[in-house]
Each structure stands twice: as structure tokens, then as C-alpha cells.
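Below is one structure, written out as C-alpha cells, with a few remarks after it.
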Amino acid sequence: GAVVSQHPSWVICKSGTSVKIECRSLDFQATTMFWYRQFPKQSLMLMATSNEGSKATYEQGVEKDKFLINHASLTLSTLTVTSAHPEDSSFYICSATPTTGSSTDTQYFGPGTRLTVL
Amino acid sequence: AQSVTQLDSQVPVFEEAPVELRCNYSSSVSVYLFWYVQYPNQGLQLLLKYLSGSTLVKGINGFEAEFNKSQTSFHLRKPSVHISDTAEYFCAVSERNDYKLSFGAGTTVTVRA
């Protein structure tokens, strides 16, 4: 089956620093990748949609200057949390869809990255 | 825009008993429906999805779900649960021409011996 990896799986950083999270599709090419945020005991909230070679589309209320997304290749998207603060602590999950161009494509989810900002 | 309501936040169940997780959705257009499972500290895994055709969808690990268009529901069932089914379950919906998934709040299933 399609596998999506994330790195790192967890990260602790100091307030004010930036953190980069990688999302890779290991055995398929992904035109579209999604970034979600999940608070404890809550559902996933879509942050942004990332398309290879173009700017990401952010959901309403998500600061694009704070959450920088780069989809540089068909297998890699990165999320950089800039000037992180404790309220950015969360579980960040990415997903990817194959490049078949069909809306029936399943989203394959990564295992998530737990970010803790001290 | 579409939305998803999972009617039960927590479902405790004994091992080998049946379980049903309820999901209702609202949308002004045709949708695709999904159930995902999330084990502790892991990402989401697709259990099953409804795209079209038969309204009864069978998924992995013995789960099945039935799409009911008139009631705008997509309830998930398993006739006999195992301890290993303890997890968070999410219902999700997407519009037919859009990749975006909208998730319900999740249902925590705790299976006890």
C-alpha cells in the first residue's frame, strides 16, 4: 500500500525558534499533499493544501507567514513553523494523494509529528 | 461546504460484542464518505470509503459501513470487536470534485475484556 512518512516524529523546541517538518510519499508520486493540525482529543483541522511546484492554499484563519509550506517535488512537502510559541504545540499530520488526477483518490496519511514548544 | 457530525464521543464496549459508530453529514452536493482509524500516537489509516454503487461498504479488520442518502448517514459497524480495536475513529466527507476532507470530531472506542 501507499506509504507516507513524516520526520521528525516528535520535536521539542524553544519559543521563538523555527521547526521544519518533512512529509514524504515513499512509493508513489503525490501532486497534492495536505497539512492538518490536531489538538488533543479533537479532530483534524485542515491547515493548507500543497501542490507541487505552486504556492500552497491556506485555510481561513491559518497564518501563511507563520506556517510556511514548500512542495518542492512530487514526493516531498515541508511545513516550517516559524517563530514557534507554546500555542503552536500540537500534532501535525500530513497526507498525500497519488497523481492520477481523480477526486476519488484516497488520502494516505503520515504518522504525524508531535511538536512541543517550551 | 460540508460538515460531519459524529454522534458519540466515547463508546465503551466489551470484547466480542458488536459496535456501531454513528456519523451524519450535511452537504449541498454529492459527496464521498470515509472512515479512518487512529491508534494512539499514530496517523490515520483508512478503514473504508464510499464512492458510489452498493450502499454497504466493507473495509479492513471486519468493519463495514452503510451509506443512507435519505438520512445522510454513514454508520460504521463491526459485529465482534477485539481489544486491538481500541482507537479513535473518524468519519470524513469530501465533495465529489474536491480532495478536501472534512472530519468529524471523532469517537473513542474502548474495548474491555
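Computed from a prediction, not measured in an experiment: that's the story for all the values here. So you know, we letter chains A, B, ... as the sequences are listed, proteins then strands, and number each from 1.
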Which bit of [X] is near chain A, if near means a heavy-atom gap under 4.5 Å: side chain, backbone, both or neither?
X: B/Tyr36; result: side chain
X: B/Leu46; result: side chain
X: B/Glu88; result: neither

Decide yes or no for A/Thr32 and B/Lys100: does some side-chain heavy atom of the first lie under 4.5 Å from some side-chain heavy atom of the second?
-> no
With hydrophobic residues grouped by side-chain heavy-atom distances under 4.5 Å, do [X] and [Y] end up in a single group?
X: B/Val19; Y: B/Phe90; result: no
X: B/Ile60; Y: B/Leu21; result: yes
X: A/Val62; Y: A/Tyr92; result: yes
X: A/Ile93; Y: A/Trp10; result: no
X: B/Leu56; Y: B/Phe74; result: no

For A/Lys66, does the NZ atom sit with more than 12 other heavy atoms under 6.0 Å from it, leaving out its own atoms?
-> yes
Inspect the surroundings of NE2 in A/His7 and state if more than 12 heavy atoms from other residues, nucleotides or ligands are less than 6.0 Å away.
->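 Atom NE2 in A/His7 is not packed in, count stays at 12 or less.
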How many angstroms lie between CZ in A/Phe109 and CG in B/Leu101, if you round to the nearest 0.5 Å?
->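 Going from the CZ atom of A/Phe109 to the CG atom of B/Leu101 covers 5.5 Å.
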Reported CD-to-OH distance for the pair B/Gln45 and A/Tyr108, which is rounded to 0.5 angstrom | 11.5 Å
Contacting region of A/Glu59 [heavy-atom separation from chain B under 4.5 Å] |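 Just its side chain gets close to chain B.
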At a heavy-atom separation under 4.5 Å, does A/Leu44 approach chain B through its side chain, its backbone, both, or neither?
->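 Both the backbone and the side chain of A/Leu44 come within 4.5 Å of chain B.
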Can you tell which of A/Arg114, A/Met45, A/Gln38 has the highest number of heavy-atom pairs within less than 4.5 Å of chain B?
->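 When all of A/Arg114, A/Met45, A/Gln38 are compared, A/Gln38 has the most.
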Just checking heavy atoms, which of residues 102-113 of chain B are less than 4.5 Å from chain A?
->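 B/Phe103, B/Gly104, B/Ala105 fall under the 4.5 Å cut-off.
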